[in-house]
Number of protein chains: 2
Amino acid sequence: MFFLKNLPSRQMVEGYSDRFEGVDVGNVMDALDLMRKASLLIRELEAYFADHGFSQLRFLTLVVIDREPDRSSLMAGEVADRLDVSKPVVTRVLRSLESANLISIASSSDDARSREISLTAAGQAKLAEIMPGYFSILNRAMSSAKADS
Amino acid sequence: MFFLKNLPSRQMVEGYSDRFEGVDVGNVMDALDLMRKASLLIRELEAYFADHGFSQLRFLTLVVIDREPDRSSLMAGEVADRLDVSKPVVTRVLRSLESANLISIASSSDDARSREISLTAAGQAKLAEIMPGYFSILNRAMSSAKADS
DNA sequence: CTCCTATAGTTAGCATGATAACTATATCCG
DNA sequence: CGGATATAGTTATCATGCTAACTATAGGAG
């Protein structure tokens, strides 16, 4: 994450980047700004999820399973692929969601190595509970970012 | 972090957000896009830092001490403040940097609770080693982001 | 048919974010 | 001056990101 509170001034970046060929100061500042804004938003979202005894990772894990068109389950590897995180991260979060009865995990009849993940009714309900606040925070974050520009 | 690979389509977000009062679909999509772009950039930076046996947190810790005007040291609490992370995170990273002889930690003569953190010559050298690549990645990330828009 | 390579997922360990609870020290008020 | 409150930093614990190494299973080639 990136929470550096005072992003460097243009002058400070210029002082550094003059020594580095082909570096545009505006790009550097925009990149730092992007990372900070996103990290602050993620922190705010995590706090919101924590109030619901949840996290963004768990939430998104339910989302990618729930929204898959024409299917009611995903393989664990597909979950990792859609979340774009490493497999051990998915192994752990699936175990935790299973313990909380929000998903169920079944071995695949096609391939004994694979596990099929589907949402339980409680998982659907948890998604429905959390979704409105999530959208509100995303909406508000961008509204005030646009007002600040 | 937020690495969701396929951000929802406008249609999909509309399907959800119609149920939530006052939520602008464009804002939601922009927020998701912001988080993903920043998370990918942070991931790329962490990979760059890992190649140098380092991390962005350690790097920024050295940076905030090095760039403080008119001072050659910061208190640990000031480091936490400037990085905008919790104090235990700073306690740990300072210990790790001290073990690597990149900083030195002294008790404050003013206040026995406080610790004064300053860079060693090796710390300065590490910063100089890493800085160019850091700027390059930030620059390139924003150049291609702008090209994609 | 057997063996080798590839793949799905797990385990171990590390670093970084957080909160809660703690210790040691400083300061202020009565 | 002493006690209560506040502050600086530490320790413990949990969750999430990663890489490396592992186990079990699948598939393909000879």
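Below, chains carry the letters A, B, ... as their sequence lines are ordered, and counting in each starts from 1.
- Each of D:dC18, C:dA26, C:dT16 was ranked by its minimum atom distance to the side chain of B:R58; first place goes to C:dT16.
- Within the 4.0 Å cut-off from OP1 or OP2 of C:dG17, not a single side-chain nitrogen or oxygen of B:S86 is found.
- Inter-residue side-chain proximity for A:I42 and B:S39 is flagged as met; some heavy-atom pair is nearer than 4.5 Å.
- Heavy atoms of B:V89 sit under 4.0 angstrom from at least one base atom.
- Among the nucleotides D:dA20, D:dA12, D:dG17, the one closest to any side-chain atom of B:P88 is D:dA12.
- Remark: the B:R92 side chain and the D:dG9 base include no donor-acceptor N/O pair separated by less than 3.5 Å.
- For an aromatic pair to be called close, the ring centres must be under 6.0 Å apart, and A:Y134 with A:F49 satisfies this.
- Ion pairing between a basic and an acidic side chain is recognised when a charged N comes within 4.0 Å of a carboxylate O; A:D81 and A:K87 show no such pairing.
- Residue contacts for B:S55: at a heavy-atom cut-off of 4.0 Å it reaches the sugar-phosphate backbone alone, with no base atom in range.
- Hydrophobic clustering of Ile, Leu, Val, Met, Phe, Trp and Tyr side chains at less than 4.5 Å, counting indirect connections, keeps A:M75 apart from A:V90.
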Please list, pair by pair, any protein nitrogen or oxygen found under 3.5 Å from a nitrogen or oxygen in nucleotides 4-8 of chain C.
residue: C:dT7; atom: O2; partner: A:R113; partner atom: NH1; Å: 2.3
residue: C:dA8; atom: O3'; partner: A:S114; partner atom: OG; Å: 3.3

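- Of the charged side-chain nitrogens involved, at least one lies within less than 4.0 Å of a carboxylate oxygen, so that A:R43 and B:D84 count as a salt-bridged pair.
- Taking the ring axis of A:F3 as reference, the NZ or CZ atom of A:R36 does not stay both within 45° of it and closer than 6.0 Å to the ring centre.
- Side-chain atoms of A:S108 and A:R115, non-hydrogen and from C-beta on, never get closer than 4.5 Å to each other.
- Of the residues in residues 38-53 of chain A, not one comes within less than 4.0 Å of DNA chain D through any heavy atom.
- Listed pair A:T91 / C:dT10 meets the phosphate criterion, a side-chain N or O lying under 4.0 Å from OP1 or OP2.
- Atom OG of B:S72 and atom CD1 of B:I65 lie 10.5 Å apart (nearest 0.5 Å).
- Hydrophobic clustering (ILVMFWY, side-chain heavy atoms < 4.5 Å, transitive): B:M29 and A:M131 are in one cluster.
- Comparing B:F3 and A:A112 along DNA chain D, the residue whose closest nucleotide (by nearest heavy atom) sits nearer the 5' end is B:F3.
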